Amino acid sequence: MTDPIIDVRELHRRFTVRSPRGRFRRTRTVVEAVDGLTFQLPEGSALGYIGANGAGKSTTIKMITGILVPSSGTVRTCGLHPIRQRKQLARQIGVVFGQRTQLWWDLPLRESYRTLAAIHRLPQSVWTARRDELVDRLDLASFIDIPVRQLSLGQRIRGEIAAALLHSPPLLILDEPTIGLDVLSKERLRVFLTEQRAHHGTSLLLTTHDMDDVQRLTERIIVVDHGRMAYDGDLAGLVRRVGAERVLSLDLTTPAPPLAGIPGTDLVSVEADGLRQRLAFGDDTTATAVLEAIGRHVEVRDLTIEEPDIEEVVRRLYLSATGTGTGTGTGTGSE
Amino acid sequence: MPTFPSQAAPASGRTRSPIAAFTAHVVMGFRRWSTYRLATAAGAFTNTVFGLIKAYITIGAVGAAGGTLMGYDAATAATYAWLVQALIAPVNIFGWQELALRIRTGDVAIDLARPIDPQVAFLAADLGRAAYSLIPRGAPPLLVGAAVTGLALPGAVLPYLLGALSVVLAVLVSFAGLWLLNTAAFWLLDMRGVITLYMVASNILSGMIVPVHWFPDWMARIAQVTPFPSLVQAPVDIVTARVEGAAALGVLATQLAWFTALVLVGRVVFRTGARRLVVQGG
């Protein structure tokens with residue numbers, strides 16, 4: 001077992017917010033943006049870091065990458081002290097901030113890569129081979145010679161990710177990388193990231209609002225709420241914990257009366273005069289049992305099972321946490 | 001310290017020197033600016049038109065003073081005006097605000113999170129920018145000047161060699177001063193006041209409007225304790241051989257001293273500002 005690639009212990013970050021009150025006075029309020037986070041990311045694994053806006057995700061990432069000092073607690077990234085060894089750390093990590101760019105706006109991607117390779121002091125043969133691989137896998141060839149300012153958002157993000165990976169960092173940190181991307185671009189990006197991890201063993205820390213990202217790219221989830229850990233474990237565990245239900249969507253051969261009263265299910269909706277009906281069911285029954293019960297009443301032409309919407313799951317988690325006195329538990333943790 | 005050997009770690013393959021990173025930034029700066037051809041042409045046109053106006057004003061001033069003014073006659077005064085116009089773009093007389101904007105938007109975090117010193121990286125890119133602008137922004141005013149009023153330039157080679165060195169130093173001093181100015185953005189939300197003040201001071205005291213030698217005594221004394229004469233007056237004096245020999249070396253030494261001082265203060269202030277940003281959050 002090697003050391004964890006990210007090691008965060010009892011991390012706190014407080015901000016002082018000054019807001020005007022009345023004409024002259026200002027009130028100072030201290031906001032706990034990160035409030036006692038502890039977690040480790042083993043090398044080679046992938047972590048989805050999720051939470052509402054202002055939950056403390058970006059603040060945590062800033063501390064992990066060394067551009068913000070913790071108020072208290074410790075962070076080690078790639079075994080380094082992020083603030084004191086920021087330059088060394090910068091050679092070990094690749095970071096994409098969805099809202100910022102590390103490309104030069106006026107220049108084509110090709111020029112940005114040439115400069116970044118020099119910044120990372122990569123030998124010609126090493127970086128050109130790596131660039132060609134990234135150009136191929138991210139499909140950058142058609143726009144690598146166009147100035148970045150003329151690229152579409154999807155093209156630019158692909159260019160950003162290639163820039164973050166050019167020096168083959170062991171750890172990739174993505175802060176909302178798929179924000180604003182269309183379905184196809186998101187899908188390509190996910191395929192690419194999965195493949196990179198498989199080939200290079202890159203560890204991944206991902207913050208996102210897109211629950212499909214989490215589902216597809218990570219094996220572990222941390223949910224933060226008001227800077228505190230609300231959940232640490234896998235997706236299935238999260239779903240179990242909040243008791244989220246799956247929905248069975250049925251297309252019937254002939255219109256039927258509403259399928260109310262099937263054991264262990266709730267009728268969610270009836271559409272097209274009863275041709276399509278949707279039933280929610282929880283952990284106390286199985287899809288087979290439900291189907292069997294339904295089969296006694298109607299003939300099913302087609303069916304789909306909708307997995308729980310994670311945004312809903314997280315919302316429920318927040319609700320249950322605030323109901324029982326703000327997020328204390330850490331689920332199926334990995335202490 | 002644990003390492004992560006399972007990776008094709010960049011550390012293992014790192015063989016290029018920091019010089020390569022510097023050079024890459026110079027090239028990048030050059031290419032970045034060379035993409036704006038139309039802006040370059042418009043700038044060259046403006047510099048040339050204002051050169052005409054300034055050349056005739058300075059010739060007029062010399063004439064009104066009785067044919068010579070503090071060692072300038074009509075030809076050398078006009079030459080002064082044209083050389084100043086040629087230096088405006090390379091020396092960045094009208095300012096640079098990229099760093100201040102990056103601080104305000106928080107993009108400076110990207111610069112901090114790179115394994116290269118931000119001041120060194122921006123300085124290298126600025127040298128590239130200056131190198132690009134030298135010919136397309138410098139040649140048109142000089143060519144028009146040669147055709148319209150004539151240029152009084154020395155016949156020897158040495159003033160040009162020392163002059164080239166002085167122009168490089170002027171670019172460096174200008175960058176170091178503007179870098180320091182930009183770091184104020186770590187503390188100030190609104191930079192307009194300090195930028196205006198800096199621009200007024202640097203435009204006048206550099207000798208961009210009239211030679212520093214024409215200043216009244218009290219103003220010349222103020223100019224001498226600022227870095228601004230190093231931006232324009234110094235390279236023009238050397239290229240036109242107004243100062244020669246040991247005096248020329250003295251001017252170069254003054255430029256070098258200003259650059260060293262400003263770049264070091266700029267480093268300290270940037271670090272302090274960055275630490276504040278990193279400690280307090282931005």
Side-chain angles (χ1 to χ4, degrees), chain A residues 2-3 5 13-16 33 43-44 59 62 65-69 76 78-80 83 85-93 95 97 99-102 104-108 111-112 114-127 130 147 166-171 200-203, chain B residues 1-36 39 98 101-102 105-118 120-121 124-125 128-129 271 274-282:
Chain A
T2 50
D3 289 302
I5 198 153
R13 175 68 218 199
R14 287 174 284 276
F15 290 112
T16 309
E43 199 194 347
T59 307
K62 282 182 184 169
T65 52
I67 51 180
L68 187 66
V69 176
R76 288 291 176 279
C78 303
L80 300 168
I83 296 282
Q85 296 169 297
R86 186 162 52 209
K87 269 195 195 176
Q88 290 101 302
L89 181 59
R91 300 186 196 280
Q92 303 277 332
I93 58 176
V95 189
F97 296 105
Q99 318 284 36
R100 304 197 188 288
T101 177
Q102 64 161 321
W104 283 271
W105 184 249
D106 339 69
L107 292 175
E111 299 292 334
S112 282
R114 188 198 308 277
T115 311
L116 286 169
I119 288 177
H120 286 286
R121 303 194 201 167
L122 306 173
Q124 184 83 17
S125 57
V126 172
W127 79 264
R130 176 66 169 156
L166 188 65
H167 57 296
S168 308
L171 173 62
H200 300 278
T202 315
S203 311
Chain B
M1 190 189 301
T3 52
F4 295 89
S6 62
Q7 294 300 315
S12 64
R14 200 184 310 141
T15 59
R16 285 160 84 193
S17 71
I19 306 291
F22 191 89
T23 316
H25 276 86
V26 175
V27 172
M28 183 272 290
F30 188 99
R31 296 220 170 115
R32 246 187 99 185
W33 286 84
S34 67
T35 57
Y36 299 105
E98 193 179 354
L101 288 174
R102 291 183 73 80
T105 57
D107 282 346
V108 71
I110 301 265
D111 305 322
L112 291 173
R114 280 192 173 146
I116 185 167
D117 184 278
V120 173
R129 177 203 59 75
R271 271 199 203 163
R275 194 174 307 130
R276 181 188 136 98
L277 187 78
V278 162
V279 172
Q280 295 187 358

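The analysis underlying the following values was restricted to heavy atoms, covering all of them including side chains, and did not include hydrogens, waters or symmetry mates. These numbers come from a predicted model, not from an experiment. Sequence lines set the chain letters: A, B, ... in the order given, protein chains first and strands last, and positions in each chain run from 1.
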Measure B:D117 against the heavy atoms of chain A and call it side chain, backbone, both or neither at under 4.5 Å. both

Please report the shortest heavy-atom distance between B:A113 and A:A90, naming the atom on each side. O-CB, 3.5 Å

Measure distances from B:A20 to the heavy atoms of chain A and classify the residue's part below 4.5 Å as side chain, backbone, both or neither. backbone

Measuring from A:W104:CH2 to B:R32:CZ, what's the distance to the nearest 0.5 Å? 9.0 Å

Atom pair NZ/CG of A:K62 and B:L277 - distance to nearest 0.5 Å: 8.0 Å

So which atom in A:R86 and which in B:V278 form the shortest heavy-atom distance, rounded to 0.1 Å? NH1-CG2, 3.7 Å

Side chain, backbone, both or neither: which part of B:F22 has a non-hydrogen atom closer than 4.5 Å to chain A? neither

Value rounded to 0.5 Å, distance of CG in A:L107 from CZ in B:R31: 8.5 Å

Does any heavy atom of chain B fall under 4.5 Å from the side chain of A:T101, the backbone, both, or neither of them? backbone

Measure the shortest side-chain to side-chain distance between B:H25 and A:I119 over non-hydrogen atoms and say whether it is less than 4.5 angstrom. yes

Whatever's closer than 4.5 Å to a heavy atom in chain B on A:I93 counts as neither

Can you confirm whether A:W127 is buried at CH2, in the sense that more than 12 heavy atoms of other residues, nucleotides or ligands lie under 6.0 Å from that atom? yes

From NE2 (A:H120) to CD1 (B:I116), nearest 0.5 Å: 10.0 Å

Side chain, backbone, both or neither of A:Q102 within contact of chain B (heavy atoms, under 4.5 Å): both

Contact class of A:L116 relative to chain B, heavy atoms under 4.5 angstrom: side chain

Can you tell me how far apart OG1 (A:T115) and CE (B:M28) are? Round to the nearest 0.5 Å. 5.0 Å

Comparing B:V27, B:T23, B:T35, B:D111 against chain A, the one with the most heavy-atom pairs below 4.5 Å turns out to be B:T35

